[in-house]
Student: 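First, the structure itself, so that you have it in front of you.
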Amino acid sequence: MNESDLIIKLEHVSKTFNGVKVLDDVSLDIKKGEFVTLLGPSGCGKTTTLRIIAGFRKPDEGRLFMDGRDISEVPPYRRPLNTVFQRYALFPNLDVFDNVAFGLKLKNTPQEEINKRVKKVLKLVSMSDYEDRDVDSLSGGQQQRVAIARALINQPKVLLLDEPLAALDLKMRKDMQIELKEMHRKLGITFIYVTHDQEEALTLSDTIVVMKEGRIQQIGTPTDIYNEPVNSFVADFIGESNILDATMIEDRKVRFIGQDFDCVDEGFGQNEPVDVVVRPEDIYIVNKLDSVQFTGTVKSCTFKGVHYEMFVNTDNGNELMIQDYNAFEPGSRVGMLIRPNDIQVMRKRCLRNEFEGEMVAADKVEILGGEFSCNAQEGIAEGDKVKVSVEFSKVDLLDNQEDGILTGTVHFILYKGDHYHLEIHVDGGGHIFVDTNDIWDKGDLVGINILPNDILITKGND
Ligand code: ATP
């Protein structure tokens, strides 16, 4: 991309609050005129990124460029951008016209120009008939339109929007989405939008930036992000998906749910464990016996307005979500088909838990601040630094925190068709991944235990 096409550039931006890194090495290029959405779960750092762009927060590390110029030290009011917040922040004692005109009056703009510009932006947000109305008498959607008009009156090059539709009801939100898209098209300026609503992001954006825990996971068009998620977090966060453990047999051949499938992916190792994503609308229930790849039994079938959503148990014991225009009753036997193009293969983040540990006795190792009994190993003695490896399925989670060697909180849950893959944040720092058939909820407090036979120890480098 040509640097002169860029309006905003974040370079290795990091930010820490109270010892917690909420932005970690964020680099991002935003093109002139683009509609970019920062998308991610609550607390992932979207608003902090927007505030750094606006100038309300300073990054601890990294730099921010606008039109090629380093603006890291430029105060917010000198930056050619404006922000629309979730709460409308209008002046209740002023009518619509005066709310929008406020900034221009402060700058002593001639009245004639104020009139012209206010009328123009009110037209753009479809509020021309409301000039004299008290803002308190407006609906939430109308107040947000006034807030947008007030942000646009200064003719910013970039409009920053922080969850501007979050307080509106569903119908109003949908209408406003269409209007925002239209405004963006007419104005031709850059919109940087923050939301945790994936559907909103898919509807509005030219480019989506998916964030998790202060790090960018993927940047791409809505179609890229939906069809080719780079990891299971993105796949799970964007739309409905079946995420399954799989093995890449060789180029263009992958094995999952006990079956070999042709796919289009290449460049993985032979027999490499991978994750696959298959969207529910991409699993076909077929009648023709010769095209059936695998079979199963329908467990449930729910009408969703346009399609039916079914959960089907495959014969090898996996559960798949399928969306189809036809209903198949619970209990029916069905044959299914997945096309090579509809299988998205992703590298796994890691294959087992790996920790740095220290032997505190010949048969006791300390990992993540907890002392676990382990099998004594020849050549490894008390005080040695070691590498510790534990399979995901060998970590026990306990209801009663006191029964665990370590304690932690369930942070992330991924359903993998026949088990759950959990990320546990350990109290005192660090994390452990767990594969389990037990049902836990996000936020559950757990005790963590590992049996001695399941702790694999090798000598570390001093
Ligand atoms: P949400 O959708 O809930 O607004 P977000 O993705 O926009 O979430 P941020 O508001 O950027 O997230 O916050 C990221 C993390 O930084 C959160 O854990 C938040 O509590 C923390 N944080 C943000 N601002 C401050 C602050 N001024 N002081 C301390 N912590 C902060």
Side-chain angles (χ1 to χ4, degrees), residues 8 10-28 30 35-64 72 75-76 79 81-89 140 144 147 151 158-168 170 173 176-177 180 191-205 207-220 225 231 233-234 236-239 408-413 423-431 441-443 445:
I8 301 271
L10 276 83
E11 227 175 54
H12 304 295
V13 167
S14 294
K15 179 79 188 168
T16 299
F17 286 119
N18 307 329
V20 180
K21 210 166 202 180
V22 300
L23 287 184
D24 189 1
D25 196 21
V26 167
S27 292
L28 177 63
I30 298 178
F35 197 129
V36 177
T37 299
L38 308 178
L39 172 70
S42 183
C44 71
K46 311 177 291 286
T47 299
T48 305
T49 308
L50 203 71
R51 291 202 172 137
I52 284 175
I53 297 173
F56 301 134
R57 294 257 181 273
K58 271 197 164 187
D60 300 331
E61 287 165 50
R63 295 195 301 167
L64 172 71
S72 308
R79 300 184 183 191
L81 35 82
N82 247 310
T83 311
V84 178
F85 299 97
Q86 179 180 340
R87 288 197 193 82
Y88 326 121
Q144 197 55 297
V158 179
L159 188 66
L160 307 176
L161 301 116
D162 192 356
E163 306 238 14
L165 311 184
L168 307 180
L170 185 65
R173 210 154 68 219
M176 283 292 287
Q177 283 174 7
L180 271 177
F191 278 29
I192 307 178
Y193 195 92
V194 159
T195 184
H196 60 268
D197 180 338
Q198 44 98 8
E199 203 185 315
E200 191 158 283
L202 292 173
T203 310
L204 289 173
S205 325
T207 302
I208 298 178
V209 180
V210 186
M211 297 180 70
K212 179 191 179 220
E213 291 165 14
R215 284 181 160 269
I216 292 179
Q217 303 290 308
Q218 187 167 5
I219 303 175
I225 302 266
N231 59 35
F233 169 79
V234 177
D236 184 53
F237 194 71
I238 311 283
T409 311
V410 178
H411 180 70
F412 180 63
I413 303 171
E423 182 179 338
I424 311 295
H425 276 194
V426 177
D427 296 339
H431 56 257
D441 288 321
K442 194 170 174 221
L445 303 177

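Both ligands and their constituent atoms are indexed starting at 1 by order of listing. Count residues from 1 along the sequence.
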Student: To the nearest 0.5 Å, what is the distance between CG (Leu39) and CZ (Phe237)?
Tutor: 4.5 Å
Student: Gly43 near ligand 1, heavy-atom distance under 4.0 Å?
Tutor: yes
Student: Side-chain contact test, heavy atoms from C-beta onward, threshold under 4.5 Å: evaluate it for Met211 versus Leu28 and give yes or no.
Tutor: no
Student: Closest non-hydrogen protein atom to atom 22 (N) of ligand 1, residue and atom name please, with distance?
Tutor: Phe17 CD1, 3.4 Å
Student: Looking at atom 26 (C) of ligand 1, would you say a protein heavy atom lies below 4.0 Å from it?
Tutor: yes
Student: How long is the gap from CG on Leu161 to CG on Leu204, to the nearest 0.5 Å?
Tutor: 9.5 Å
Student: Looking only at N/O atoms, are Thr48 and ligand 1 under 3.5 Å apart anywhere?
Tutor: yes
Student: Please state which protein non-hydrogen atom is closest to atom 4 (O) of ligand 1 and give its distance, to 0.1 Å?
Tutor: Thr47 OG1, 3.6 Å
Student: Take every heavy atom of Met211, measure it against each atom of ligand 1, and state whether any distance is under 4.0 Å.
Tutor: no
Student: Please give me the minimum heavy-atom distance between Pro76 and Gly55, naming the atom from each residue.
Tutor: CG-O, 3.4 Å
Student: Could you tell me whether atom 16 (O) of ligand 1 has at least one protein heavy atom nearer than 4.0 Å?
Tutor: yes
Student: Answer with side chain, backbone, both or neither: which part of Val22 has a heavy atom less than 4.0 angstrom from an atom of ligand 1?
Tutor: side chain
Student: In the protein, what heavy atom is nearest to atom 2 (O) of ligand 1, and what distance, to one decimal place, separates them?
Tutor: Lys46 NZ, 3.0 Å
Student: Need the ligand 1 atom indices (1-based, order shown) with element for anything under 4.0 Å from a heavy-atom of Glu163.
Tutor: 2 (O)
Student: Report the part of Arg57 (side chain from C-beta onward, or backbone N, CA, C, O) that has a heavy atom under 4.0 Å from ligand 1; answer both or neither where that applies.
Tutor: side chain
Student: For His196, is the NE2 atom crowded, meaning more than 12 foreign heavy atoms sit under 6.0 Å from it?
Tutor: no
Student: Check the orientation of His425 and His411. Use parallel for under 30°, tilted for 30 to 60°, and perpendicular for over 60°.
Tutor: parallel
Student: With heavy atoms of Asn18 as the reference, note each atom of ligand 1 found under 4.0 Å away.
Tutor: 29 (C)
Student: Could you tell me whether the side chain of Ile30 reaches within less than 4.5 Å of the side chain of Val158, counting heavy atoms only?
Tutor: no
Student: Closest heavy-atom contact between Pro164 and Gln144?
Tutor: O-NE2, 2.5 Å
Student: Tell me the closest heavy-atom pair linking Leu165 and Arg173, and the distance in Å.
Tutor: O-CD, 3.1 Å
Student: What residue and atom, counting heavy atoms only, is the protein's closest point to atom 3 (O) of ligand 1, and at what distance?
Tutor: Ser42 OG, 2.6 Å
